[in-house]
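All residue numbers in this chain count up from 1 along the given sequence. Atoms considered below: every heavy atom in the structure, side chains included; atoms not considered: hydrogens, waters and symmetry mates.
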Amino acid sequence: MAIYRIYLVHDDGRQEPDASFYCKTDEEALARLRPAPRADVRVELWQGGRFIAVAGHARRPEAADRPGLPFG
């Protein structure tokens with residue numbers, strides 16, 4: 001058993017904890033991952049500092065389309 005965490009990550013870089021739970025396997029934890037609630041948010045699944053998966057929208061951040069603004 002391991003502790004998995006789900007975070008909501010906003011386009012502007014803010015990160016909010018969403019859920020924390022125990023699972024036996026990555027696949028079991030992945031089944032709990034749901035789509036992001038908004039277009040400017042992605043949902044990330046982590047386990048002990050190890051990135052597992054992301055769910056979100058395919059929309060690129062606004063900065064990606066505007067020269068001179070940082071992206072990434």
Side-chain angles (χ1 to χ4, degrees):
M1 298 283 283
I3 296 176
Y4 289 82
R5 288 180 167 60
I6 294 177
Y7 294 96
L8 302 178
V9 183
H10 298 258
D11 280 354
D12 64 7
R14 287 180 296 131
Q15 186 177 17
E16 299 175 45
D18 185 55
S20 181
F21 51 89
Y22 286 94
C23 286
K24 289 183 181 181
T25 65
D26 290 350
E27 291 77 16
E28 183 182 346
L30 190 57
R32 297 183 69 164
L33 194 62
R34 298 289 175 248
R38 300 181 353 209
D40 64 336
V41 176
R42 70 182 181 273
V43 180
E44 294 183 352
L45 175 64
W46 289 80
Q47 188 277 313
R50 184 171 59 99
F51 176 76
I52 306 294
V54 64
H57 298 271
R59 178 177 89 73
R60 289 169 33 130
E62 189 177 307
D65 299 323
R66 297 176 56 198
L69 293 178
F71 175 65

Next item on the list: Give a yes or no on this: more than 12 heavy atoms of other residues, nucleotides or ligands lie within 6.0 Å of atom CZ of F51.
Entry: yes

Next item on the list: Mark yes or no: R32 above the aromatic ring of Y4, with NZ or CZ under 6.0 Å from the six-membered ring centre and no more than 45 degrees from the axis.
Entry: no

[X] with [Y], same ILVMFWY side-chain cluster at under 4.5 Å:
X   : Y   : result
I52 : L8  : yes
F21 : L30 : yes
I6  : V41 : yes

Item checked: Pairwise side-chain contact, L33 with V43, heavy-atom cut-off 4.5 Å (strictly under) -> yes

Check: Side-chain contact, heavy-atom cut-off 4.5 Å: I3 with S20?
Finding: yes

Next item on the list: Before accepting this row, confirm whether a basic side-chain N of the pair D18/R5 lies closer than 4.0 Å to the acidic partner's carboxylate O.
Entry: no

Notebook entry, point to check: Between the side chain of R42 and the main-chain N/O of A39, is any donor-acceptor distance below 3.5 Å?
Noted result: no

Next item on the list: Indicate the atoms forming the closest heavy-atom contact of A36 with A55, along with that distance.
Entry: CB-O, 4.3 Å

Check: Which heavy-atom pair separates D40 from R38 by the least distance, and what is that distance?
Finding: OD2-NH2, 2.7 Å

Check: Side-chain donor-acceptor pair under 3.5 Å between H10 and E16, yes or no?
Finding: yes

